[in-house]
Amino acid sequence: MKISWLGHACFLIETASKTTIITDPYQPGAFSGAVKYLPIGETADIVTISHHHADHDFTEGLTSATIIDKEGVFTVKDVKVEGIGSFHDSSLGSQRGKNIIFIIETEGLRIVHFGDVGTLDLDFDRLKNIDVAMVPVGGVFTINHKDATVLLKKLQPKIFIPMHFKTHKLEFNIDGVDKFLEDKSDIERQKSLVISRDSLGDQTKIVVLEHLR
């Protein structure tokens, strides 16, 4: 399986059988030009959408994909996707609404994309045995680097990929990834991630991916 970070909360996941998944596709130029990532330019079999904001739900050009934007269990080709309800803020959604956490299972791997989760009040019984966790760390609109660290320690995934943080292509007033990384060890920086069930280690590894757009 290959995992690439296109930017923001958008990842491209490609299985060995060539099934493709895109998470939270952003709209280039959204929010008065604050989202400067280039067009995604990919096709997909599956698109997951954690919530309907322009930096997470832009499906133009992805019309052939199965769009999953709600809670429940779905199967497309060799992929099982489970959507779990959560909130975009720490006050039961009263500020920013709901958020869906997606568990993606394929090739014996369990990948969890946390979308714009804004609270640690989660159903952790459904978030066990995680191989790859994609977690926002920038704060303001999501959990911050401190809460992301709590989540890292609680979940203990094999691989933790930070997302939704400030870069030179994102002008949101949120933190960069360095605040999350400053007290961490076992960090790798990669252009993309190729993994299999057998390649995972026993200890949690933080992988900072290079945004490709």
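These figures come from a predicted structure and were not determined experimentally.
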Once rounded to the nearest 0.5 Å, what's the spacing between atom OG1 of T204 and atom CZ of F160?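 The CZ atom of F160 is 9.5 Å from OG1 of T204, to the nearest 0.5 Å.
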Interatomic distance, T167 atom OG1 to F172 atom CZ [nearest 0.5 angstrom]: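 Taking OG1 in T167 and CZ in F172, the distance rounds to 10.5 Å.
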Using distance alone, with no hydrogens and no angle criterion, decide if [X] and [Y] have a side-chain donor and acceptor under 3.5 Å apart.
| X | Y | answer |
| --- | --- | --- |
| H88 | N99 | no |
| D116 | H53 | no |
| D45 | T19 | no |

Within the supplied structure, the quantity of interest is the number of heavy atoms (other residues, nucleotides, ligands) at a distance under 6.0 Å from [X] [atom1]; does it exceed 12?
| X | atom1 | answer |
| --- | --- | --- |
| E182 | CD | yes |
| R189 | CZ | no |
| D123 | CG | yes |

N/O donor to acceptor pairs below 3.5 angstrom from side-chain atoms of residues 146-156, sequence neighbours left out:
residue: T149; atom: OG1; partner: H145; partner atom: O; Å: 2.8
residue: T149; atom: OG1; partner: K184; partner atom: NZ; Å: 2.8

Kindly say whether [Y] contributes a backbone atom to a donor-acceptor pair with the side chain of [X] at under 3.5 angstrom?
| X | Y | answer |
| --- | --- | --- |
| T59 | L62 | no |
| S4 | S192 | no |
| K36 | G33 | yes |

Side-chain heavy-atom pair [X], [Y] within 4.5 angstrom cut-off:
| X | Y | result |
| --- | --- | --- |
| T48 | D69 | no |
| L193 | I161 | yes |
| I103 | L127 | yes |
| V79 | I104 | yes |
| I195 | E107 | no |
| V35 | Q27 | no |
| I46 | F74 | no |

Evaluate the criterion ring pair (Phe, Tyr, Trp, His ring centres under 6.0 Å) for residue pair F165 and F180; output intermediate values, then yes/no. CA-CA 10 Å; F165 53 83; F180 172 74; 9.2 Å; no
Aromatic rings H113 and F11: how do their planes relate, parallel, tilted or perpendicular, breaks at 30° and 60°?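 H113 vs F11 ring planes: perpendicular.
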Less than 4.0 Å between a side-chain N and a carboxylate O, is that true for E82 and R110?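 Result for this pair is no, no salt bridge flagged.
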For the ring pair H211 and H8, is the centre-to-centre distance below 6.0 Å?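 Ring centroids of H211 and H8 are no less than 6.0 Å from each other.
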